[in-house]
Amino acid sequence: MEKRYDPKNFEDRLYREWEETGCFKAVRDDKKVPFTIVMPPPNITGQLHMGHAMDDTMQDTVIRFKRMQGYCALWLPGTDHASIATEAKIVREMAEEGLTKEQLGREGFLKRAWEWKDKYERRICTQIKKLGSSCDWSRLTFTMDEKCSRAVREVFVNLYNKNLIYRGDRIINWCPTCRTALSDAEVEYAEENGNLWHIKYPVEGTDVSLVVATTRPETMFGDTAVAVNPADARYKKYIGKNVVLPAVGRVIPIVGDEHADMEFGTGVVKITPAHDPNDFEVGQRHNLPVVKVMNEDGSMNGNAGKYAGLDRYECRKLLLKELEESGALVKVQPHAHNVGHCYRCNSTVEPMVSKQWFVKMQPLARPAINAVMDKKVTFVPERFAKTYYNWMENVKDWCISRQLWWGHRIPVWYCSDCGAEICEKTDPKVCPSCGSARIKQDEDVLDTWFSSALWPFSTLGYPEDTSDLEYFYPTDVLVCGYDIIFFWVSRMIFSGLEHMRKIPFRDVLMHGLVRDDKGRKMSKSLGNGVDPLEVIDKYGADSLRFSLLQGVAPGNDTRYSDAKVEACSNFMNKIWNASRFVITGAEGVKVLPVGEVKLSSADKWIISRLQSVIKDVTITMNKFELGVACQIMYDFMWSDFCDWYIELSKPALYGEDETKKQAVISVLVYVLENSLKLLHPFIPFITDEIYRSVPGTQGTIMLAEFPRYNSKLAYKKDAAAFGGVMETIKAVRAVKTDLDCPPSRKVHIYFATEQKRLISANKDSILKLAGAKEITFVSSPAEAGEKTVAKVLSVGTLFIPMGDLVDIEKERERLNRELAEVTAEISRADGKLQNAGFVSKAPKKLVDEERAKLNKYIEMREEILKRIENL
RNA sequence: GGGAGCUUAGCUCAGUUGGGAGAGCAACUGCCCUACAAGCAGUGGGUCACAGGUUCGAGCCCUGUAGCUCCCACCA
């Protein structure tokens with residue numbers, strides 16, 4: 001082994017080896033139980049960020065754990081075409097070259113997009129590999145691959161035939177920059193400070209006016225009514241009359257509708273069915289015409305009269321000026337309101353009537369809700385089920401058509417002759433109704449999430465009835481951020497149920513956002529993003545992985561900081577050095593199974609600790625509490641194994657007794673080997689690199705069996721007894737420090753104890769670790785000499801003669817401190833035992849324990865009091 | 001308007017069937033003892049946001065309050 005821990009020496013090499021020897025490959029094996037994770041496919045828009053690093057680390061940790069446990073573990077990787085996001089990026093890149101989509105044409109643009117895909121997919125996969133991700137690359141899937149496209153086609157046609165997909169004129173969210181429709185989920189709302197403009201609409205044939213309040217005056221060209229609440233005493237007399245649209249002169253009716261809120265604004269609301277979802281509904285109720293006033297790019301159309309061609313905001317400005325001059329604008333009231341923005345380009349979204357394709361959600365939502373209710377699908381942590389219900393129960397129809405080129409083209413053809421709409425599983429050549437060859441495919445593509453929704457089964461071969469699909473589906477756990485529950489998780493659930501008749505996964509393990517060290521969201525605009533590759537380059541992948549897992553509870557946001565990675569890198573260094581100690585120590589020694597050597601009490605203690613760690617790590621991993629599992633391993637490795645056991649092993653290791661030496665080395669190797677296996681899912685590189693040097697191991701640790709709890713090695717009693725030895729060592733160290741005794745100065749320990757056998761058996765360890773030169777058993781304090789410092793322990797009382805080094809006052813202080821501590825313990829325990837309720841209702845075991853503690857403390861107090869007196 | 005989460009040591013956070021408050025970093029003291037100074041030993045530091053309640057017993061369960069964060073819906 002290299003003397004220094006340097007991840008650069010082995011991370012890439014090991015990954016290559018794993019990949020080349022097929023360690024990641026999952027092949028159906030009917031002797032094994034499958035365990036499947038499909039990777040949330042990263043967008044091919046750019047590169048990975050810390051969120052991906054965390055996502056992939058969690059998945060890799062789970063899949064490696066399961067693989068070692070003997071499951072046929074499949075982690076299926078892929079990438080997403082990310083229709084709107086990618087197209088926007090490519091368009092931007094083209095713009096820099098002075099090119100437009102129109103110039104290239106559909107074919108040319110798509111060619112360019114596929115080139116982009118190749119480049120970025122390759123880059124992303126390289127990044128995923130750097131992290132150590134053990135995914136089966138032979139199954140790498142892209143959402144626009146042939147097989148995914150076939151699944152999309154199958155699903156679309158099936159839904160179409162079931163009337164669950166329909167085309168219609170509805171209010172949708174329109175992004176004027178991306179020039180496409182968006183689904184409700186793709187709109188983000190942000191509060192903006194705007195105005196409520198109060199505008200006079202004269203009532204036809206009278207000299208009175210109704211004043212309407214609006215935040216978007218430019219839409220008034222599309223007003224086809226004004227509404228008042230029928231219960232509104234102020235206005236109900238006007239219902240049925242007309243008003244004249246200012247600046248337009250068009251006459252529109254006054255209708256009575258509940259939608260008008262008497263409390264808000266003036267109580268009179270303009271109705272613009274083409275540009276507001278509520279107005280659209282009012283329009284339907286009153287049979288109002290729908291007048292669109294905007295073009296696709298957000299400019300005003302011919303209905304805006306002289307403002308036609310102007311940008312919507314420019315129009316607003318000029319129109320307001322005109323209204324002000326004519327006296328129609330009576331009031332401007334500042335008003336904060338929520339405005340929808342495109343989740344990709346952040347432009348203000350315009351609600352607009354448009355002919356689009358929709359998925360009818362109600363019939364799909366119900367089974368999807370039930371699957372979670374019935375615990376067929378479980379969210380971890382559970383609270384996210386509520387978020388899911390909330391959305392699912394109120395979901396509206398899903399707008400799936402996008403006016404883009406990059407994506408799955410909608411598989412519907414229109415006959416120019418008879419007007420038929422053709423939706424079949426194979427591309428039609430002629431119109432099946434009239435035989436005309438003049439048929440044309442819909443120009444639009446599908447929402448990216450339409451194909452993502454099929455991911456758990458499209459990747460496994462659907463619609464073919466493949467062996468993989470039968471074996472690996474339903475998948476086991478889906479790992480992703482809570483921010484895509486609506487976009488993705490919910491849609492996979494209803495899609496799985498609808499098309500596979502089975503849930504797509506059993507558990508959904510959620511994680512939060514990775515924020516920067518100040519708790520801010522990492523974003524390009526803030527420039528506070530951290531590139532995982534740079535971190536890996538500096539500290540190694542294992543340190544990054546550990547830092548992303550440690551101290552993170554499922555579903556919670558976490559902060560990234562270099563300091564944290566550095567702390568983890570120290571842990572790697574610790575593991576490295578401890579391993580080097582064990583492995584060098586084992587050179588030339590025949591290592592035996594721990595069952596075949598005579599074990600010291602220290603040996604039994606560490607083996608016992610290991611057993612409980614195995615148990616706890618397995619339990620927490622099965623509950624997906626990766627952060628807790630990390631902590632358990634960290635504490636065991638650093639404190640128990642390194643700080644205690646390795647130090648305890650040294651007397652035997654450096655001693656003359658060859659049998660003892662062989663025994664202690666056997667234990668060191670046993671504990672190290674098992675610790676490496678326990679740690680491997682979290683930090684795969686360093687554990688495998690060390691594993692190769694551990695005596696008696698073969699091949700890669702990746703394929704080794706995950707440690708199993710062995711009750712025969714639990715040694716509960718021995719481990720508890722050994723606590724007395726540790727207590728003794730700690731006590732001597734503390735006394736020495738308290739009295740400013742230099743660590744190098746060896747002290748003589750006099751020990752009044754019943755546990756002579758235990759102490760004698762561990763004498764060498766105590767002397768070494770406590771910095772002592774001798775232990776003498778005594779039956780009375782006097783035997784230890786006149787001036788001694790005493791320390792009362794649960795196993796007995798220690799006396800240390802300190803000669804002139806002892807400061808009497810300091811010692812008195814120390815004893816008084818101890819007295820106070822013990823007295824507090826007594827009153828705590830006594831209080832509990834005095835409590836009749838506790839004694840009668842608490843478990844007997846607990847009461848007995850408490851009683852034993854109390855007795856011990858009382859003894860200790862007496863000892864301390866005696867000591868104080870003797871001073 | 002509806003929902004969720006958070007509030008624990010100076011900082012960042014764990015703490016999952018209720019049974020003596022934890023880690024990392026920071027701080028203080030002392031140590032280069034042949035795995036590791038990226039280290040070791042020791043120390044200090046918390047009315048677990050606040051107020052009630054349930055219980056023999058509450059950081060944990062219930063109710064309410066305050067502050068912060070997020071999600072959904074949305075009054076033009």
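Here is the naming used below: chain letters follow the sequence lines, and residue numbers restart at 1 for every chain. Quantities reported herein were computed from a predicted structural model and do not represent experimental measurements. Atom set for the values below is all heavy atoms of this structure, side chains included, hydrogens, waters and symmetry mates excluded.
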Practice item. Mind checking A:Ile583 for me? I need base, sugar-phosphate or nothing, with any heavy atom below 4.0 Å counting as a touch. Key: nothing
Exercise for review: Measure from NZ on A:Lys736 to C1' on B:U29 and round the result to the nearest Å.
Suggested key: 15 Å
Revision key, fill the gap. Residues in residues 254-267 of chain A with a heavy atom under 4.0 Å of RNA chain B, by number, are A:His259, A:Ala260, A:Asp261, A:Phe264, A:Gly267
Exercise for review: Report yes if at least one side-chain N or O of A:Lys386 is closer than 4.0 Å to OP1 or OP2 of B:C70; otherwise report no.
Suggested key: no
Check your understanding: Counting any heavy atom closer than 4.0 Å, what does A:Glu566 reach on the DNA or RNA strands: base, sugar-phosphate only, or nothing?
Key -> nothing
Review point. Is there a residue in residues 615-633 of chain A whose heavy atoms reach under 4.0 Å of RNA chain B, and which residues are they?
Key: A:Glu625, A:Gln631
Exercise for review: Return the residues of residues 557-565 of chain A meeting this criterion: a heavy atom under 4.0 Å from some atom of RNA chain B. Order them by number, or give none.
Suggested key: A:Arg559
Check your understanding: Hey, are A:Asp848 and A:Lys844 close enough for a salt bridge, meaning a charged N less than 4.0 Å from a carboxylate O?
Key -> yes
Check your understanding: Where does RNA chain B pair, written as one dot-bracket string 5' to 3', with Watson-Crick or G-U pairs under 3.5 Å, ( ) inside the strand, [ ] for crossing pairs and | for another strand?
Key -> ((((((((.[[[[.)...(..]]]].(((((.......))))).....[[[[[..)....]]]]])))))))....
Point to revise | Salt-bridge contact A:Asp232-A:Arg234 (side-chain N to carboxylate O under 4.0 Å) | key: yes
**Study point:** Which residues share a ring pair (Phe, Tyr, Trp, His ring centres under 6.0 Å) with A:Tyr560, sequence neighbours left out
**Key:** none
Point to revise | Interatomic distance, A:Phe486 CZ vs B:C72 C1' [rounded to whole Å] | key: 6 Å
Point to revise | Euclidean distance for P, B:C61 against B:G18 (whole angstrom) | key: 8 Å
Point to revise | A:Lys538 with A:Glu566: basic N within carboxylate O range, under 4.0 Å | key: no
Point to revise | Cation-pi geometry met for A:Lys650 and A:Phe581 (6.0 Å, 45°) | key: yes
Check your understanding: Taking the same atom, P, in B:C71 and in B:A9, what whole-Å distance lies between them?
Key -> 27 Å
Exercise for review: Let me know the distance between CD of A:Glu191 and C1' of B:G1, rounded to the nearest Å.
Suggested key: 14 Å
Point to revise | Pairs satisfying salt bridge (charged side-chain N to carboxylate O under 4.0 Å, His left out), at least one member in residues 826-842 of chain A, at least two apart | key: A:Glu825-A:Arg828, A:Arg828-A:Glu850
Tabulate atom names and distances for all N/O pairs under 3.5 angstrom spanning the protein and nucleotides 30-34 of chain B.
none

Exercise for review: Remember a base hit wins even if backbone is also touched, and classify A:Phe641 as base, sugar-phosphate or nothing at under 4.0 Å, heavy atoms.
Suggested key: nothing
Practice item. Would you list the pairs meeting side-chain hydrogen bond (donor to acceptor under 3.5 Å, both in side chains) in which at least one residue belongs to residues 626-643 of chain A, sequence neighbours left out? Key: A:Arg609-A:Asp640, A:Gln631-A:Asp635
Can you name the atoms? Protein N/O to nucleotides 38-44 of chain B N/O, anything below 3.5 Å, with the distance.
unit_1, atom_1, unit_2, atom_2, d
B:A38, O2', A:Asn573, ND2, 3.2
B:A38, N6, A:Arg4, NH1, 2.7
B:G39, OP1, A:Asn570, ND2, 3.1
B:G39, O3', A:Lys574, NZ, 3.0
B:C40, OP1, A:Lys574, NZ, 3.0
B:C40, OP1, A:Trp638, NE1, 2.5
B:C40, OP1, A:Asp643, OD1, 3.1
B:A41, O3', A:Arg733, NH1, 3.4

Point to revise | B:G3 OP1/OP2 closer than 4.0 Å to side-chain N/O of A:Asn394 | key: no
**Study point:** A:Thr214 side chain, from C-beta outward: closest of B:A35, B:A14, B:A76
**Key:** B:A76
Check your understanding: What is the distance, rounded to the nearest whole Å, between atom CD of A:Glu382 and atom P of B:A4?
Key -> 14 Å
Review point. Are A:His335 and A:Phe264 near enough that their ring centres are under 6.0 Å apart?
Key: yes
Exercise for review: May I have all residue pairs that pass side-chain hydrogen bond (donor to acceptor under 3.5 Å, both in side chains) and include part of residues 214-226 of chain A, sequence neighbours excluded?
Suggested key: A:Tyr201-A:Asp223, A:Arg216-A:Glu350, A:Glu218-A:Arg316, A:Thr219-A:Lys270, A:Asp223-A:Lys270, A:Asp223-A:Thr272
Check your understanding: Between the base of B:C72 and the side chain of A:Asn390, is there a donor-acceptor distance below 3.5 Å?
Key -> no
Practice item. Would you confirm whether the ring centroid of A:Phe682 sits within less than 6.0 angstrom of the ring centroid of A:Phe571? Key: no
Exercise for review: Measure from OH on A:Tyr634 to C1' on B:C13 and round the result to the nearest Å.
Suggested key: 14 Å
Check your understanding: Are the side chain of A:His275 and the backbone of A:Val293 linked by a donor-acceptor contact shorter than 3.5 Å?
Key -> yes
**Study point:** Nearest listed nucleotide, side chain of A:Ala567, among B:A14, B:C74, B:C25
**Key:** B:C25
Review point. At under 4.0 Å between heavy atoms, what does A:Arg580 touch on the DNA or RNA strands: base, sugar-phosphate, or nothing?
Key: sugar-phosphate
Review point. Which value, in whole Å, describes the distance between the C1' atoms of nucleotides B:C6 and B:C50?
Key: 15 Å
Study note, to complete from the structure: Given protein heavy atoms under 4.0 Å, the one-letter contact record of nucleotides 53-64 of chain B, with B base, S sugar-phosphate only and - none, is simply ---B--------
Point to revise | Separation between the C1' atoms of B:U8 and B:A14, rounded to whole Å | key: 10 Å
Check your understanding: Which parts of residues 329-337 of chain A get close to RNA chain B, meaning a heavy atom less than 4.0 angstrom away?
Key -> A:His335, A:His337
